[in-house]
S.K.: 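Take this structure, written in structure tokens, and hold onto it; I'll ask about it next.
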Amino acid sequence: MSHACLHCEPRLLVLASSSLGIRRLQARVTLIGNVVRIPEPDLAAARTVYLTRYADSKYWVDFEDFFFYRMDVLDVYYVGGFGVMGWVAASDYLQAQSDPLAEHKSDIMQHMNADHRDALILLAKRFAGIEAQEAEMTSVDRLGFHVRLKTQDGVRGTRIAFLREVRDPAQTREVFVEMVKQARQG
């Protein structure tokens with residue numbers, strides 16, 4: 001959207017969703033609010049955060065027609081997959097913290113899928129009661145993970161909760177090891 005449009009009409013709706021999986025089954029969120037330009041005293045901090053995440057933008061971030069904006073969220077609508085949806089109070093959204101595994105999610109999934117598919121099959125059997133011939137981790141967060149399983153009856157997905165909340169990759173590894181030990185003990 002052009003910044004000129006935002007000066008005339010500051011109301012904005014943003015839809016964010018995962019790029020993985022079947023669209024109607026994906027979690028997604030719609031943020032509804034007003035957009036304002038970030039004031040001069042806050043520009044340096046916004047620029048630093050932006051360049052940390054989008055390093056290649058260093059080539060245009062200082063152009064005179066490049067601006068930073070902030071969205072003041074007024075409403076949030078969450079869809080957690082097919083049939084799971086509802087409004088989230090903007091105050092709850094504003095107090096929420098990002099998941100501590102968000103920056104490590106891809107590495108954790110890649111490692112588990114490359115080196116521990118047998119463990120994922122075992123965990124699915126023990127903690128979800130599903131017999132599978134193949135398993136692939138499709139998501140992970142501080143509370144658990146999702147797997148796509150190939151079973152005798154076809155492909156299906158499930159979520160498996162961690163034994164306790166984790167805060168970083170090291171704790172995630174500890175909990176996975178503990179869960180696999182439990183699964184092997186029966």
Side-chain angles (χ1 to χ4, degrees), residues 1-3 5-38 42 45-46 49-50 52-54 57 67-113 120 123-124 127-130 132 135-151 154-169 171-173 175-176 179:
M1 172 180 264
S2 165
H3 71 346
C5 294
L6 289 173
H7 288 301
C8 300
E9 177 57 73
R11 295 179 299 170
L12 186 66
L13 181 142
V14 176
L15 172 68
S17 69
S18 168
S19 61
L20 303 172
I22 301 168
R23 185 141 184 92
R24 73 178 180 280
L25 302 178
Q26 293 175 350
R28 52 202 177 273
V29 64
T30 303
L31 305 176
I32 303 162
N34 294 315
V35 176
V36 295
R37 239 169 105 176
I38 292 181
D42 300 331
V49 168
Y50 185 78
T52 299
R53 184 71 173 161
Y54 305 103
S57 67
F67 302 99
F68 289 98
Y69 290 86
R70 177 189 75 238
M71 183 175 187
D72 294 326
V73 176
L74 302 174
D75 281 310
V76 179
Y77 190 71
Y78 175 76
V79 178
F82 187 74
V84 178
M85 61 199 81
W87 290 97
V88 176
S91 59
D92 290 341
Y93 170 79
L94 294 172
Q95 293 176 22
Q97 301 275 327
S98 64
D99 191 280
L101 296 185
E103 295 296 320
H104 310 285
K105 176 180 177 174
S106 180
D107 292 337
I108 292 168
M109 291 187 320
Q110 184 177 19
H111 172 71
M112 292 300 293
N113 290 330
L120 293 173
L123 293 173
F127 292 98
I130 302 171
E136 177 184 13
M137 183 181 289
T138 58
S139 184
V140 62
D141 58 63
R142 73 187 194 285
L143 301 175
F145 60 100
H146 288 267
V147 285
R148 182 178 302 118
L149 304 167
K150 183 178 178 185
T151 71
V155 177
R156 63 182 286 197
T158 194
R159 178 163 173 86
I160 299 172
F162 286 142
L163 301 175
R164 61 187 166 280
E165 185 174 344
V166 298
R167 307 297 302 160
D168 58 44
Q171 287 182 1
T172 305
R173 182 184 187 285
V175 170
F176 271 124
M179 290 175 75

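Keep in mind it's a predicted model, so treat the numbers as computed, not measured.
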S.K.: Atom CZ of residue position Arg156 - does it have more than 12 heavy atoms of other residues, nucleotides or ligands inside 6.0 Å?
M.R.: no
S.K.: Does some side-chain heavy atom of Arg53 sit less than 4.5 Å from a side-chain heavy atom of Val49?
M.R.: no
S.K.: According to the interplanar angle, ranging from 0 to 90°, do the rings of Phe67 and Tyr69 count as parallel (below 30°), tilted (30 to 60°) or perpendicular (above 60°)?
M.R.: perpendicular
S.K.: Check Tyr50 against Ser57 and note the closest heavy-atom contact, atom names and distance.
M.R.: CE2-OG, 3.0 Å
S.K.: Just by distance, do the side chain of Asn34 and the backbone of Asp72 share a donor-acceptor pair under 3.5 Å?
M.R.: no
S.K.: Look at atom OH of Tyr93 and say whether more than 12 heavy atoms of other residues, nucleotides or ligands are closer to it than 6.0 Å.
M.R.: no
S.K.: Can you name the closest pair of heavy atoms from Pro169 and Leu101 and give their distance?
M.R.: N-CD2, 3.9 Å
S.K.: Tell me, with the steps shown, if Leu143 and Arg159 meet side-chain contact (heavy atoms from CB on, under 4.5 Å).
M.R.: CA-CA 10 Å; Leu143 301 175; Arg159 178 163 173 86; 3.6 Å; yes
S.K.: Mind checking whether Leu163 and Phe127 have side chains closer than 4.5 Å, heavy atoms only?
M.R.: yes
S.K.: Nearest 0.5 Å please: distance from the CD1 atom of Ile130 over to the CD1 atom of Ile160.
M.R.: 7.0 Å
S.K.: Could you check whether the rings of Phe145 and Phe176 sit parallel, tilted or perpendicular, using 30° and 60° as the cut-offs?
M.R.: tilted
S.K.: Closest approach of Pro100 and Arg142, non-hydrogen atoms and distance?
M.R.: CD-CD, 3.7 Å
S.K.: Measuring from atom OG1 of Thr172 to atom CZ of Arg167, what distance do you get when rounded to the nearest 0.5 angstrom?
M.R.: 10.5 Å
S.K.: A side-chain contact here means heavy atoms from C-beta on lying under 4.5 Å apart; do Asp92 and Trp87 qualify?
M.R.: no
S.K.: Which value, rounded to the nearest 0.5 Å, describes the distance between Met112 atom CE and Leu123 atom CG?
M.R.: 6.5 Å
S.K.: Closest heavy-atom contact between Leu120 and Asn113?
M.R.: CD1-OD1, 3.6 Å
S.K.: Which atom names give the shortest non-hydrogen contact between Thr138 and Val147, and what distance separates them?
M.R.: OG1-N, 4.1 Å
S.K.: Using a 4.5 Å cut-off on heavy atoms from C-beta on, say whether the side chain of His104 contacts that of Asp168.
M.R.: no
S.K.: How close do Arg70 and Ile38 get, counting heavy atoms only, and between which atoms?
M.R.: N-CG1, 3.9 Å
S.K.: For Gln110, look at atom CD and say whether over 12 heavy atoms of other residues, nucleotides or ligands are found less than 6.0 Å away.
M.R.: no
S.K.: What do you reckon, is CZ of Arg173 surrounded by more than 12 foreign heavy atoms closer than 6.0 Å?
M.R.: no
